[in-house]
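Numbers here simply count residues along the sequence, with the first being 1. As the structure lists them, so they are numbered: ligands from 1, and atoms in each ligand from 1. Computed over heavy atoms, backbone and side chain alike; hydrogens, waters and symmetry mates excluded.
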Amino acid sequence: PPAPPQKPKVGVAVFILKGEKVLLGRRLSSVGHNTFALPGGHLEFGESFEECAAREVKEETGLEIEKTEYLTVTNNVFSERAKPLHLVCIFIRGVLADTNQQPQNLEPEKCDGWDWYDWNDLPKPLFHPLEVLVQSGFNPFAAT
Ligand code: 8DG
Ligand code: MG
Ligand code: MG
């Protein structure tokens, strides 16, 4: 039988702001393998963007976040892949509920580990959708 038509998916990626730093981890998943990305994942049926952000951050890092806010959205078509992918990514920001809490690498098959990086000295290479956003001049600290 023919393959079912592909559909866009909704991703939610989270800037956790701590001083001048954001939390990033090197991806081990096939999409964006070895690139630095924000914690995040796919929107589940019935979820708000903010709920998805808090859930994915908790699942992937153990961190509790608060003051979650919508920042922006990007449209990402990965057409050069064997299995093309179309992701609409919602970017959210939040802060730690407890500033002393440390991230844990709770999905070690998907991420090499989490660390805080200075916004003015981000690691390379960034995950492509994040790289495009940063190159556009977007600043999660300044956005309102
Ligand atoms: P799930 O099964 O837990 O729901 O998903 P996941 O395995 O955690 O998904 P993910 O790939 O981490 O995130 C979902 C999509 O969000 C990802 O394939 C593409 C999009 N996305 C971006 N930028 C970023 C980013 O900086 N970090 C993350 N995690 N996802 C991002 O466009
Ligand atoms: Mg996830
Ligand atoms: Mg994820």
Backbone N or O of K83 within a donor-acceptor pair of the Q6 side chain at under 3.5 Å?
-> no
Would you say G40 reaches the Mg ion (ligand 3) with an N/O/S atom under 2.8 Å?
-> yes
Strictly under 2.8 Å, is any N, O or S atom of E107 next to the Mg ion (ligand 3)?
-> no
D115 versus L24: any side-chain heavy-atom pair under 4.5 Å?
-> no
Are R26 and N34 close enough that a side-chain donor and a side-chain acceptor fall under 3.5 Å?
-> yes
What's the shortest distance from [atom] to any protein heavy atom, and which residue and atom give it?
atom                    : value
atom 13 (O) of ligand 1 : G41 CA, 3.4 Å
atom 2 (O) of ligand 1  : K110 NZ, 3.5 Å
atom 17 (C) of ligand 1 : L87 CD1, 3.9 Å
atom 11 (O) of ligand 1 : R27 NH2, 2.8 Å
atom 3 (O) of ligand 1  : E56 OE2, 3.0 Å
atom 31 (C) of ligand 1 : F127 CE2, 3.6 Å
atom 16 (O) of ligand 1 : G11 CA, 3.5 Å

Counting only heavy atoms not in [X] (residues, nucleotides, ligands), do more than 12 fall under 6.0 Å from its [atom1]?
X   : atom1 : value
F49 : CZ    : no
K18 : NZ    : yes
H42 : NE2   : yes
E20 : CD    : no

Ligand 1 versus [X], non-hydrogen atoms closer than 4.0 Å: side chain, backbone, both, neither?
X    : result
E60  : side chain
L38  : both
N76  : side chain
P39  : backbone
E107 : neither
E44  : neither

Atoms of ligand 1 close to P129 [distance to a heavy atom under 4.0 angstrom, numbered from 1] | 22 (C), 23 (N), 32 (O)
Pairing of E60 and K110 as salt bridge, 4.0 angstrom limit = no
Pair R55 + E59, salt bridge at N-O below 4.0 Å | yes
Could you tell me which N, O or S atom of E60 is nearest to the Mg ion (ligand 2)?
-> OE2
In E56, what N, O or S atom is nearest to the Mg ion (ligand 2), if we give its atom name?
-> OE1
Which class fits the ring pair F15 and W119: parallel under 30°, tilted 30 to 60°, perpendicular over 60°?
-> perpendicular
Could you please spell out the steps behind the side chain to side chain contact (heavy atoms under 4.5 Å, CB included) verdict for L96 and I16?
-> CA-CA 7 Å; L96 293 174; I16 307 177; 4.1 Å; yes
Tell me the nearest of [options] to [atom], using heavy-atom distances.
atom                    : options       : result
atom 21 (N) of ligand 1 : C89, G25, A37 : C89
atom 4 (O) of ligand 1  : H42, E59, R55 : H42
atom 12 (O) of ligand 1 : A13, G40, C52 : G40

Whether H128 lies under 4.0 Å from ligand 1, heavy atom | no
Between OG1 of T74 and CG of L130, what distance do you get to the nearest 0.5 Å?
-> 9.0 Å
Atom CD in Q104, atom CG in L63: separation rounded to 0.5 Å?
-> 8.0 Å
